Structures are given as structure tokens and as C-alpha cells.
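Only one structure is covered here, and it is reproduced in the block below.
Computed over heavy atoms, backbone and side chain alike; hydrogens, waters and symmetry mates excluded. Values in this document were obtained by computation on a predicted structure and should not be read as measured data.
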Amino acid sequence: MRTNDEIIKLLKELTASRGYSISELARRVDMAKSAVSRYFNGTREFPLNRANDFASALGVTPEYILGVNANDDITNIYNQLSTNRKKKVFNYAKQQLDEQNNVIVFPTNAKNEVSVYGAVSAGTGEYLLDNTPELVPYEGVVPEHDYAVIVNGVSMRPLFEDKQIIFVKKTFEARSGQVVIAYYDNQAYVKKYVNDEKGARFVSLNKSYDDMPIDETHETQIIGVVVL
């Protein structure tokens, strides 16, 4: 089975070979352009349960996109997957079985409690302390994560709203285009990390806020990537 990076590389090649733009591909798979863009730029993993839609739009089979042989034993493939991907396969298989049995599943909002370790700024800076986390209620699906924080401010709109809880995977490195948690001059921010011909910088999605350059005049450290 292909890795996520291999799937995305193949989808990009197929999209280009058919002369489709991202907007056209998004229209053909009935998804928002922003969602498809996140798959292509690596800020979000490709959803395995949408392989049929992308295959149909690009004129190939789902097996070709996923890199599996239709004759392969599903158990053998499943056993090679990571825990997170096993959950995705299970959920997709259950969905397919319910559809086969004509079961109508009504969506419900799961109620959970999550440990929040403090606040990160989507504005002018916050102090993220290594203190005891606060257990707070959270309505929705909790993704796999290392810690959770609360957003303060509106500089990352429309992706994040003020006081929204976001989930983070610990890391000291990030790819250009990923949304990160970072220390910048001893204060914690949530920003988009960009590194291109203009240099490295932290960028707000709300254009009312200036970019934050990463250079020798500022102390910076990426401490996590936001789970999107």
C-alpha cells in the first residue's frame, strides 16, 4: 500500500496529466478547494474513504491510487498499517457495511474532555507555561495528538476562531506550509510556517497581521505541528 506522500504524488501527476486545476478536481470529487489543497500541500492526510471519488474523477481504480492489488488478502494489508490508518480503514469498512445493509447513521456530537496546557496567540503573543493541564469539555472528535491548547486572537481566521481548542503533535521541525506552534521571542504563537525564496517566516492567515521573520534578530523555536 502506498504511503500518504506517494498517494499525493500520484494524484498530482494524474491531475496534471488530465489538465485539471485543483479547483476542477475539487469540483469533480465534490469537495471544497481548500480541502484538496491541504491534501496536496501536505498539511492534511489523504482520506482513504474518498479514494473511490478521486479514482472516478481521474479515470483510474481506487486500488491503483492506494497501491494495492485487488487480489491481495485484506487482512495481510491491514496488519501492515499503522494504528491510525487501521482506525481509518475500520471506519471506512464499517461505513461500507452499513450502506450495504441500508443502515442510516445519524451524526452525533461526541462529548469528551481534553487536557489543555495553556493558550497560544493568534495575535500579539502568549506565555505557554509547562504547568498542570486543565481538563475542559470538548464537543467533537478528538484526533490523535500530544497536547491541546486554546487559541487567543483572530490572526488565524478563517482556519481557527478565538478561544478554539486545537490539537498538536510534538515536533521541532516542520515543512513549509504547515501550521505550527512556535516560540517567538519567548512567547507562544500559532502560525503558518513558510520557507521560500523570500526567506523563513511565520505567517498569519488574517492579512491584517504582519509576517514574523525568522532571522538572527529573533529567538524562535517550533515546538509542534497542529493536527488539521
Side-chain angles (χ1 to χ4, degrees), residues 1-15 25 29 31-32 34-58 60-100 105 107-117 133 138-149 159-160 165-182 190 192-193 222-228:
M1 184 170 180
R2 302 186 201 276
T3 65
N4 184 72
D5 288 345
E6 290 170 339
I7 291 174
I8 296 305
K9 180 181 178 182
L10 177 61
L11 291 178
K12 288 180 178 178
E13 292 173 352
L14 292 171
T15 301
L25 178 61
V29 298
M31 295 181 69
S34 60
V36 177
S37 295
R38 286 174 186 163
Y39 304 145
F40 276 30
N41 65 28
T43 58
R44 191 171 182 178
E45 281 200 350
F46 177 75
L48 301 181
N49 62 340
R50 298 302 297 269
N52 284 336
D53 297 327
F54 279 81
S56 178
L58 295 169
V60 295
T61 65
E63 291 82 7
Y64 178 64
I65 288 178
L66 298 177
V68 298
N69 187 315
N71 295 322
D72 283 345
D73 176 62
I74 187 65
T75 304
N76 180 50
I77 296 172
Y78 179 84
N79 289 336
Q80 298 179 57
L81 296 176
S82 66
T83 300
N84 191 43
R85 286 181 175 268
K86 283 180 179 179
K87 291 178 181 177
K88 293 180 180 180
V89 170
F90 174 80
N91 291 335
Y92 177 61
K94 187 175 184 303
Q95 174 191 333
Q96 291 296 306
L97 181 60
D98 287 343
E99 290 180 4
Q100 176 178 298
V105 179
T108 58
N109 289 325
K111 294 183 178 180
N112 302 284
E113 286 188 325
V114 296
S115 297
V116 175
Y117 279 79
Y138 180 80
E139 192 168 289
V141 177
V142 177
E144 184 177 344
H145 67 286
D146 292 318
Y147 62 93
V149 291
L159 185 59
F160 302 133
I165 294 174
I166 58 176
F167 301 94
V168 185
K169 296 288 288 184
K170 288 181 181 178
T171 181
F172 296 115
E173 297 179 349
R175 298 190 304 273
S176 181
Q178 289 186 304
V179 178
V180 302
I181 305 298
V190 54
K192 181 179 181 181
Y193 170 66
I222 291 172
I223 58 173
V225 172
V226 178
V227 180
L228 298 176

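- Within the model, atoms CD1 of Ile222 and OH of Tyr193 stand 5.5 Å from one another, a figure rounded to the nearest 0.5 Å.
- Side-chain N or O atoms of Lys169 include none that pairs as donor or acceptor with a backbone N or O of Val227 at under 3.5 Å.
- The structure places CD1 of Ile7 at 8.0 Å from CD1 of Ile65, a figure rounded to the nearest 0.5 Å.
- Residue Ile181 holds its CD1 atom at 4.0 Å from CD1 of Ile166, rounded to the nearest 0.5 Å.
- With a 4.5 Å cut-off on side-chain heavy atoms, Val225 and Arg175 do not count as touching.
- Between Leu10 and Phe46 there is no side-chain heavy-atom pair separated by less than 4.5 Å.
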**Prompt:** When you look at Glu144 and Lys87, which way does the salt bridge (charged side-chain N to carboxylate O under 4.0 Å, His left out) test go after all the steps?
**Reply:** CA-CA 11 Å; Glu144 184 177 344; Lys87 291 178 181 177; 5.4 Å; no
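- If you take CD on Glu13 and OG1 on Thr15, they are separated by 10.0 Å, rounding to the nearest 0.5 Å.
- Between the CG atom in Asn52 and the OH atom in Tyr92 there is a gap of 4.0 Å [rounded to 0.5 Å].
- Stacking of Arg2 on the aromatic ring of Tyr64 is recorded, both the 6.0 Å distance cut-off and the 45° axial limit being met.
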**Asked** Checking side-chain hydrogen bond (donor to acceptor under 3.5 Å, both in side chains) for the pair Thr3/Asp5: CA distance, chi angles, key distance, verdict?
**Response** CA-CA 5 Å; Thr3 65; Asp5 288 345; 5.4 Å; no
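- Under the 3.5 Å distance criterion, the side-chain polar atoms of Asn41 are left unmatched by any main-chain donor or acceptor of Gly177.
- Taking 4.5 Å as the limit, every side-chain heavy atom of Val60 sits out of range of all side-chain heavy atoms of Phe54.
- A donor-acceptor pair under 3.5 Å links the side-chain atoms of Arg50 to the main chain of Val29, judged by distance alone.
- Distance OG1/Thr43 to CG/Leu228: 5.5 Å, rounded to 0.5 Å.
- No donor-acceptor pair closer than 3.5 Å links the side chain of Asn49 to the backbone N or O of Lys88.
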